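First comes the structure, then the notes that go with it.
Quick note: numbers below take in every heavy atom, side chains included, and nothing from hydrogens, waters or symmetry partners. Here is the naming used below: chain letters follow the sequence lines, and residue numbers restart at 1 for every chain. Remember, it's a predicted structure, so these values are computed and weren't measured experimentally.
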Protein chains: 2
Amino acid sequence: MNKVGRVIQIDRVIHEPVRLAIMSSLYEKEFADFNGLLEEFSLTRGNLASHIKRLEQAKYVEVIKTFKDRIPHTTYALTNKGRKAYENYWHLFDEIRQNIVLGG
Amino acid sequence: MNKVGRVIQIDRVIHEPVRLAIMSSLYEKEFADFNGLLEEFSLTRGNLASHIKRLEQAKYVEVIKTFKDRIPHTTYALTNKGRKAYENYWHLFDEIRQNIVLGG
DNA sequence: AAAACTAGGTTTGCCCTACAAACTATTCTC
DNA sequence: GAGAATAGTTTGTAGGGCAAACCTAGTTTT
């Protein structure tokens, strides 16, 4: 293993704590809605919306808009890409933890 | 478990990838020197110095200045506080991973 | 002793991002 | 149409990472 020039290549989209928590939540529960996440993580609406937007742009999360009792209801779920990225993130972290990391 | 107002309380000092890599390296090897880290992670001197400064300010890392063949040689090591913070960081991450997180 | 080199920084300037607060758009109820 | 709720977008600010330039103390070379 070449020690020279190892590069830290962590996925910054996922690495941000709020987004990591959202991804983690979605990974386990399959679905989550806007107000649920809002309450769960004590965020402002704007802040939550912008984090989700970031995850959408990375194609990690898809948005499902429905109506529930005639009230708009937005639900989120991981895409396949998001699921893979999330798994890969943890995989990389295991390697960092064992110090066998990072790139080559 | 109260779901309202869970807070994401990740230690940002450690969470930054470069610093996480440095901490990880020190956790395993006990010691590391400036030029070793420089080479290991492909950083500029200024960038590395500023990350280490950050870790020093948090009292996670201590600096050991010696001379090696009359050439100054700076070595770094984790403090007890740093060691604990590092372990705690991973502990929190395990909880995030299992989604049993975060505060409460 | 002057020049050049080395280790280990500090300073400067740029750019990106998180965040709160304010504002907006859409659809519902009355 | 007025008012309320959801789900955003926009704006402004503060903080942080980064490279490049500069700095300082000591060492070696000439």
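Atom P of nucleotide D:dA5 and atom CG of A:Asp33 are separated by 17 Å, given to the nearest angstrom. One can place NE2 of A:His73 at 15 Å from C1' of C:dT27, the figure rounded to the nearest angstrom. Rounded to an integer number of Å, the gap from CZ of A:Phe34 to C1' of C:dA25 is 14 Å. Between the CZ atom of A:Phe41 and the C1' atom of C:dA18 there is a distance of 16 Å, rounded to whole Å. Going from atom CD of B:Glu39 over to atom P of C:dG8 covers 13 Å, rounded to whole Å. D:dG17 atom P lies 14 Å from atom CD1 of B:Ile52, rounded to whole Å. Following rounding to the nearest Å, B:Leu48 (CG) and C:dT11 (P) show an atom-to-atom distance of 17 Å. Per the geometry, CG belonging to B:Leu43 stands 14 Å off P belonging to C:dG8, to the nearest Å.
Candidate nucleotides D:dT9, D:dG17, C:dT10 were compared by shortest atom distance to the side chain of B:Arg54, and D:dG17 ranks first. Out of C:dA7, D:dC18, C:dA18, the shortest distance to the side chain of B:Pro72 is found at C:dA7. When distances are taken from the side chain of B:Arg70 to each of C:dT10, D:dT28, C:dC19, the shortest belongs to D:dT28. Minimum atom distance to the side chain of A:Tyr76 is reached by D:dG8, of the listed C:dG9, D:dG8, C:dC19. For A:His51, the listed nucleotide lying nearest its side chain is C:dA18; candidates were D:dG8, C:dT10, C:dA18. Of all nucleotides listed (C:dA18, C:dG9, D:dG8), D:dG8 comes nearest to the side chain of A:Arg45. Closest to the side chain of A:Asn47, from the set D:dA7, D:dC18, C:dC19, is C:dC19. Nearest nucleotide to the side chain of A:Asn35, out of D:dA7, D:dT9, C:dG9: D:dA7. Picking from C:dA20, D:dG17, D:dA19 the nucleotide with the shortest atom distance to the side chain of B:Thr44 gives D:dA19. When the nucleotides C:dA18, D:dG8, C:dG9 are ranked by their closest atom to the side chain of A:Glu16, C:dA18 comes out on top.
Taking all atoms of both residues into account, the shortest heavy-atom contact from B:Leu78 to B:Glu62 is O-OE2, 4.1 Å.
Between the side chain of B:Thr74 and the backbone N or O of B:Phe34 there is no donor-acceptor pair closer than 3.5 Å. Counting only distance, with no hydrogens or angles, the side chain of B:Arg19 and the backbone of B:His51 share no donor-acceptor pair below 3.5 Å.
A:Lys65 has a side-chain polar atom (N or O) that falls below the 4.0 Å cut-off from OP1 or OP2 of D:dG8.
Between A:Arg12 and B:Glu16 there is a salt bridge, with a side-chain nitrogen of the basic residue lying less than 4.0 Å from a carboxylate oxygen of the acidic one.
Looking only at atom types and distance, the side chain of B:Tyr27 has a donor-acceptor partner in the side chain of B:Glu87 under 3.5 Å away.
Within the model, atoms CZ of A:Arg97 and CG of B:Leu20 stand 10.5 Å from one another, a figure rounded to the nearest 0.5 Å.
Residues B:Thr74 and A:Gly46 both approach DNA chain C. Their nearest nucleotides, taken by heavy-atom distance, put B:Thr74 toward the 5′ side. Checking B:Ala49 against A:Arg19, the closest nucleotide of DNA chain C that is more toward the 5' end is the one next to B:Ala49. Along DNA chain D, the nucleotide nearest to B:Ile71 and the one nearest to A:Arg12 differ in position, and the one closer to the 5' end is contacted by A:Arg12.
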